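Single-structure report; data block below.
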Amino acid sequence: MFRIASFSQKSDTEFFDVWIGRISTDQKLYDHAEAILHAAATAEPLVADSLHTPQDIRYHAEGPFVRDHLRLMLMSLYAIVEGKMPLSEIEELRRLKGYEYEVEELEELFKAEVAWFEAFILCHDAAKWATVTFKSPENSRGAELGFNQTLTYEPDVDLAERSRVRSAYLDLFESFTRQHPNESQREIQSLFYLTYEIDVKYPHHDHMIHSPVYHALFERFAIAHELTDVHAAMLEDIISHHLSFKKFADAAVGNMNPFVHLAQRKGYDSDDFVDFIQGAIFLDFVCGSKRLSAHGYWHEISMLVNALKAEHDVDPMQRAEKIHAREEQEHKQRNLLFREVGLDGISLMDVLQMEPGPAFGRALKQVQSAVVGQAQMPVFGKKIDEEIERRAGEFYKKLFKTGE
């Protein structure tokens, strides 16, 4: 269904940090996300384990555990689907002049592929539990307590030691939490890092999706979410490469060409593949990852901005052709709706009691432009105005009947 673009252009915008701050405190979204996490953890012990995986506050200040990361991703997804976070009203995206279609397409994708993104959220970091390692600076309290592992990961090596250190970290954090009963989770996470200086990493956890145990988990989620074979294959590839999306934090480094080539090699539709990548970046690295720096807490919306621009850099002409084709399709759909509700040329000649000619052409353009929000509705007289308003109402009913 075509868009009435000027409606969103006239709406107010807010910076992303304001949007995500409001989303993160929405109790309905919180409860929905928690219900999904609870169901997944109940069905899958691997997911239950992953939810307890510690997080490094410098990169994941949304909470001390992976559960906090996944919950915020889910809440953001449901906020978009429910219309609580229209992407066109995010100030940083509104400033991207000429990218309106890409932003609209991304929002459409989230709404159309909720199951795909739920599966991504639940599976993409599942192997963090198995690969988590801890590193502390020399002479720090964390190092004194033995949190000083090598930042590499080899399956089936020192599994007992990894389990011991992992449990020791969780016990230490739980004890620290009990010692600070009046502090918020954010404050506890911050104080804990300042006290012990324990860095948390998950080497190669993205590629673990190909290991037998995590690939079997992935396949169960793909079946449960009724993904097509192609969408499941795309999801597996995106999970196994999702750490490489970090490069989009730097506009000078971010490059979409390798992913376009991967899609072509695998026989995917490259446009669809890139769209899913951009969606994954937005949920994972922007919405679900709160950063902490000397300047305070923030979300890195620039990663999505850079990913959108990188798609354009692959083939600017193809992007222009894609936009033109979409505009043509929307023009046809709009004219079809105009005919259905009696706002086409022939019908309006009868309503306005005018003959064909320049004067009628101007009136027709004014009426149709006003209906789609691109001009002021002209005044013809009470009876005619009421009839046009009635037909415009029918137009909007048909336009929005699918929830657009």
Side-chain angles (χ1 to χ4, degrees), residues 1 28-51 66-67 69-85 87 104-129 205-242 245 259 262-284 287-288 401-404:
M1 186 64 72
K28 181 181 177 183
L29 294 174
Y30 182 98
D31 292 343
H32 187 182
E34 272 296 313
I36 296 297
L37 293 175
H38 176 75
T42 300
E44 296 288 353
L46 289 173
V47 172
D49 285 341
S50 73
L51 299 183
V66 167
R67 187 186 200 104
H69 174 55
L70 302 190
R71 184 198 305 117
L72 189 51
M73 290 176 69
L74 287 169
M75 291 172 69
S76 301
L77 173 62
Y78 300 143
I80 296 169
V81 172
E82 295 176 17
K84 293 183 176 181
M85 186 166 62
L87 300 191
E104 288 176 354
E105 281 189 336
L106 184 58
E107 185 167 328
E108 289 174 8
L109 184 67
F110 285 128
K111 293 177 178 180
E113 299 292 347
V114 176
W116 191 96
F117 284 106
E118 281 185 348
F120 170 77
I121 292 168
L122 295 170
C123 291
H124 80 292
D125 279 347
K128 279 186 171 180
W129 176 255
H205 78 272
D206 51 342
H207 299 313
M208 289 288 286
I209 193 67
H210 301 309
S211 68
V213 64
Y214 287 103
H215 189 263
L217 173 71
F218 164 79
E219 288 185 327
R220 291 194 292 274
F221 272 106
I223 293 171
H225 286 75
E226 299 181 343
L227 303 186
T228 66
D229 290 344
V230 172
H231 276 185
M234 290 169 60
L235 176 58
E236 183 177 357
D237 279 326
I238 287 175
I239 290 175
S240 69
H241 288 84
H242 78 271
F245 301 159
F259 305 114
L262 173 62
Q264 293 170 344
R265 180 164 55 85
K266 291 294 189 77
Y268 307 144
D269 181 295
S270 59
D271 286 341
D272 290 346
F273 193 62
V274 169
D275 289 344
F276 277 114
I277 287 175
Q278 291 166 343
I281 288 172
F282 184 60
L283 291 179
D284 189 7
C287 296
K401 68 181 179 180
T402 58
E404 292 287 348

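Computation of the quantities below employed the complete heavy-atom set of this structure, encompassing side-chain atoms and omitting hydrogens, waters and symmetry-equivalent molecules. All figures in this text were calculated on a predicted structure; none of them were measured in a lab.
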Which atom names give the shortest non-hydrogen contact between [X] and [Y], and what distance separates them?
{"X": "Trp129", "Y": "Ser50", "answer": "CB-CA, 4.0 Å"}
{"X": "Val213", "Y": "Leu46", "answer": "CG2-CD1, 3.6 Å"}
{"X": "Leu227", "Y": "Ala119", "answer": "CD1-CB, 4.3 Å"}
{"X": "Ile239", "Y": "His242", "answer": "O-ND1, 2.6 Å"}
{"X": "Leu77", "Y": "Val114", "answer": "CD2-O, 4.0 Å"}
{"X": "Leu217", "Y": "Ala126", "answer": "CD2-CB, 3.8 Å"}

Minimum side-chain heavy-atom gap [X]-[Y] below 4.5 Å:
{"X": "Val274", "Y": "Tyr268", "value": "no"}
{"X": "Asp269", "Y": "Val230", "value": "no"}
{"X": "Leu29", "Y": "Glu82", "value": "yes"}
{"X": "Glu236", "Y": "Phe218", "value": "yes"}
{"X": "Met73", "Y": "His69", "value": "yes"}
{"X": "Asp237", "Y": "Phe259", "value": "no"}
{"X": "His215", "Y": "Met208", "value": "no"}
{"X": "His32", "Y": "Leu74", "value": "no"}

*Exercise: do His205 and Asp125 side chains pair donor with acceptor under 3.5 Å*: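 Yes, Asp125 and His205 have a side-chain donor paired with an acceptor closer than 3.5 Å.
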*Any side-chain donor near an acceptor of the partner, Tyr214 and Glu219, under 3.5 Å*: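 No, no side-chain donor-acceptor pair sits under 3.5 Å.
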Nearest 0.5 Å, what's the [atom1]-[atom2] distance between [X] and [Y]?
{"X": "Arg67", "Y": "Glu34", "atom1": "CZ", "atom2": "CD", "value": "4.0 Å"}
{"X": "Ile277", "Y": "Ile238", "atom1": "CD1", "atom2": "CD1", "value": "5.0 Å"}
{"X": "Leu87", "Y": "Glu108", "atom1": "CG", "atom2": "CD", "value": "10.5 Å"}
{"X": "Leu72", "Y": "Ile121", "atom1": "CG", "atom2": "CD1", "value": "9.5 Å"}
{"X": "Met75", "Y": "Ile80", "atom1": "CE", "atom2": "CD1", "value": "12.5 Å"}
{"X": "Arg71", "Y": "Ser76", "atom1": "CZ", "atom2": "OG", "value": "11.5 Å"}

*Please assess Ile209 against His124 for the test side-chain contact (heavy atoms from CB on, under 4.5 Å), listing each intermediate value before the final yes or no.*
CA-CA 8 Å; Ile209 193 67; His124 80 292; over 6 Å; no
_Please determine whether side-chain contact (heavy atoms from CB on, under 4.5 Å) holds for the pair Asp272 and Leu109, giving the CA-CA distance in whole Å, both sets of side-chain angles, and the decisive distance to 0.1 Å._
CA-CA 9 Å; Asp272 290 346; Leu109 184 67; over 6 Å; no
*Between the main-chain N or O of Phe221 and the side-chain N or O of His225, is there a donor-acceptor pair closer than 3.5 Å?*
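A pair under 3.5 Å: yes.
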_Tyr78 side chain to Lys84 backbone, donor-acceptor under 3.5 Å_ =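 No, Tyr78 side chain to Lys84 backbone: no donor-acceptor pair under 3.5 Å.
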*Result of checking Leu51, Asp206, Asp49, Val66 against Lys128 for side-chain contact (heavy atoms from CB on, under 4.5 Å)*: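 The residue from Leu51, Asp206, Asp49, Val66 that satisfies side-chain contact (heavy atoms from CB on, under 4.5 Å) with Lys128 turns out to be Val66.
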*Count the heavy atoms belonging to other residues, nucleotides or ligands that lie under 6.0 Å from NE2 of His210, then report whether that count exceeds 12.*
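Yes.
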*Please say which of Phe120, Phe117, Phe276 ends up in a ring pair (Phe, Tyr, Trp, His ring centres under 6.0 Å) with Phe110.*
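With Phe110 as partner, ring pair (Phe, Tyr, Trp, His ring centres under 6.0 Å) holds for just one option, Phe117.
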*Quick one: do Gln278 and Asp275 satisfy side-chain contact (heavy atoms from CB on, under 4.5 Å)? Show the steps, please.*
CA-CA 5 Å; Gln278 291 166 343; Asp275 289 344; 3.7 Å; yes
